[in-house]
Protein chains: 2
Amino acid sequence: MLSQKTKYAFSALTYLATHAGNGPVLIEEIAENRKISKKFLENILLELRKAGICGSKKGKGGGYYLIKAPADIQLSKIIRLVNGPISLVPCVSLHYYEPCGDCADEKSCKLRSIMMDVRDSALQILENRTLADLLD
Amino acid sequence: MLSQKTKYAFSALTYLATHAGNGPVLIEEIAENRKISKKFLENILLELRKAGICGSKKGKGGGYYLIKAPADIQLSKIIRLVNGPISLVPCVSLHYYEPCGDCADEKSCKLRSIMMDVRDSALQILENRTLADLLD
DNA sequence: TATATACTCTATAAATAAAGTAGATTATTA
DNA sequence: TAATAATCTACTTTATTTATAGAGTATATA
């Protein structure tokens, strides 16, 4: 399941997307409108900024803003960043690979090959859906 | 990601499947062969039994055994039982539905409809793969 | 340049979930 | 009745998630 943090990230990003063009948006404004703890949201937005998904400006008139068009922000990217791997097992993860150590040989592991199929079918969707698809 | 417990469940069930026909298998035997804490495995097997996936017998000559053919045990069933929902959000779960409360209207929620697609594509695979597919 | 503003950073606390453990109990076999 | 092996309830430990605190830094503008 997606963590609460991930759902907050989606919520904050769609807020930014629908309020684009009027300059940066205050963390506080997003927090109030989307019912997210301001301090927690600070962490999330910072993470999104470091990943190049949004930009920020300090001081008066500052705030957060999207750095790319919503249609260029894949849901898979947001999920990976905030939630973690999309795969169900680490030995199949494209971005967070780890040997699982449960099987003798990864290449011939039956569970692994099924989990690759599941991963691919999820990615097929999540790589082709973007922030733009979340807007009304 | 699948929990360690879920991976243990797969491991124990494949052990049972490959040792079928010689009568019940001791928890201890599975635990030793599959490197699982015996006490933890007890909990897991009990859960699998209560869900009708395997049966057990007490006393001498007792142990655990599969109650159905491996080909009749869907991976989706095992995952749901031990790991929880297959969906990424509760408002889309077929077996663990809960309103997520994050959106105003569930029916028109864009994220929800994407998450339904992800769920369906995962189920397409996990409902059609069984314990038999995990055996060598 | 002083001041208010608003994001940034590091650290920690609290809550929840996952993993693992203990020991008494019950059913079965021989 | 003695030995065996699953069952049940409860608890402990560890890890993760969620949330909070407060000092620090950059910016705008008067």
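Numbered from 1 within each chain, the chains take letters A, B, ... in sequence-line order.
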Note to self: Just the rounded figure in Å: distance from C1' of D:dT20 to CD of A:E42.
What the structure shows: 10 Å

Item checked: Nucleotide nearest A:K60 when distance is taken to its side chain, options C:dT5, D:dA19, D:dG24 -> C:dT5

Notebook entry, point to check: Would you say a side-chain N or O of A:Y8 is under 4.0 Å from OP1 or OP2 of D:dA19?
Noted result: yes

Item checked: Interatomic distance where OH belongs to A:Y65 and P belongs to D:dT27 [whole Å] -> 11 Å

Check: Same cluster or not: are B:I79 and B:V118 linked, directly or through other Ile, Leu, Val, Met, Phe, Trp or Tyr residues, by side-chain heavy atoms under 4.5 angstrom apart?
Finding: no

Check: OP1 or OP2 of D:dT7 less than 4.0 angstrom from a side-chain nitrogen or oxygen of B:S56, does that happen here?
Finding: yes

Note to self: Which nucleotide wins on minimum distance to the side chain of B:F40, given the candidates C:dC7, C:dG20, D:dA19?
What the structure shows: C:dG20

Next item on the list: Provide, to the nearest angstrom, the distance between the CD1 atom belonging to A:I27 and the P atom belonging to D:dT20.
Entry: 15 Å

Note to self: Any non-hydrogen side-chain atom of B:L16 less than 4.5 Å from a side-chain atom of B:L131?
What the structure shows: no

Notebook entry, point to check: Start at the 5' end of DNA chain D and walk down; is the nucleotide closest to A:G61 or to B:K58 reached first?
Noted result: B:K58

Margin query: For A:S87 versus A:S93, what's the shortest heavy-atom pair and its separation?
Written below: OG-CA, 3.1 Å

Next item on the list: Counting heavy atoms from C-beta on, name the nucleotide in D:dG24, C:dT21, D:dA19 closest to the side chain of A:S37.
Entry: D:dA19

Note to self: Ignoring hydrogens, what is the shortest heavy-atom contact between B:Y64 and B:S56? Give both atom names and the distance.
What the structure shows: CE2-CB, 3.7 Å

Margin query: Please report the distance, rounded to the nearest Å, between CD in B:E29 and P in D:dA6.
Written below: 10 Å

Next item on the list: Answer yes or no: does a side-chain N or O of A:K50 lie under 4.0 Å from OP1 or OP2 of C:dC9?
Entry: yes

Next item on the list: Please determine, for the side chain of B:K57, which listed nucleotide (D:dG22, D:dC8, C:dT29) has the closest atom?
Entry: C:dT29

Note to self: As a test of reading the structure: which of D:dA26, C:dT26, D:dC8 is closest to the side chain of B:R49, going by heavy atoms?
What the structure shows: D:dC8

Notebook entry, point to check: Do you know the tightest heavy-atom contact between A:R34 and A:S11?
Noted result: NH1-O, 2.7 Å

Next item on the list: Take atom NZ of B:K38 and atom P of D:dT4, then tell me their distance rounded to the nearest Å.
Entry: 12 Å

Check: Among D:dA19, D:dA6, C:dA6, which nucleotide sits nearest the side chain of B:L26?
Finding: D:dA6

Notebook entry, point to check: Can you check the A:E28 CD to C:dC7 P distance for me, whole Å?
Noted result: 9 Å

Next item on the list: Of all the heavy-atom pairs spanning B:C91 and B:E106, show the shortest one and how long it is.
Entry: CB-OE2, 3.6 Å

Next item on the list: In whole angstrom, give the distance that lies between atom CG of B:N43 and atom P of C:dG23.
Entry: 16 Å

Note to self: With a 4.5 Å cut-off on side-chain heavy atoms, are B:L94 and B:R119 touching?
What the structure shows: yes

Checklist line | Nearest-nucleotide comparison on DNA chain D, the residue closer to the 5′ end among A:L41 and A:G59 | finding: A:L41

Margin query: If the helix axis at each end comes from five base pairs, how far does the helix from C:dT1-D:dA30 to C:dA30-D:dT1 deviate from straight, to 10°?
Written below: 10°

Note to self: Using a strict threshold of under 4.0 Å (side-chain N to carboxylate O), is an ion pair present between A:E47 and A:K50?
What the structure shows: no

Item checked: Whole angstrom value for the distance that separates C1' of D:dT9 from CG of B:L46 -> 11 Å

Next item on the list: Please state whether the base of C:dG20 and the side chain of B:K5 form at least one donor-acceptor pair under 3.5 Å?
Entry: no

Next item on the list: Measure distances between side-chain N and O atoms of A:K39 and base N and O atoms of D:dG22, and say whether any donor-acceptor pair falls under 3.5 Å.
Entry: yes

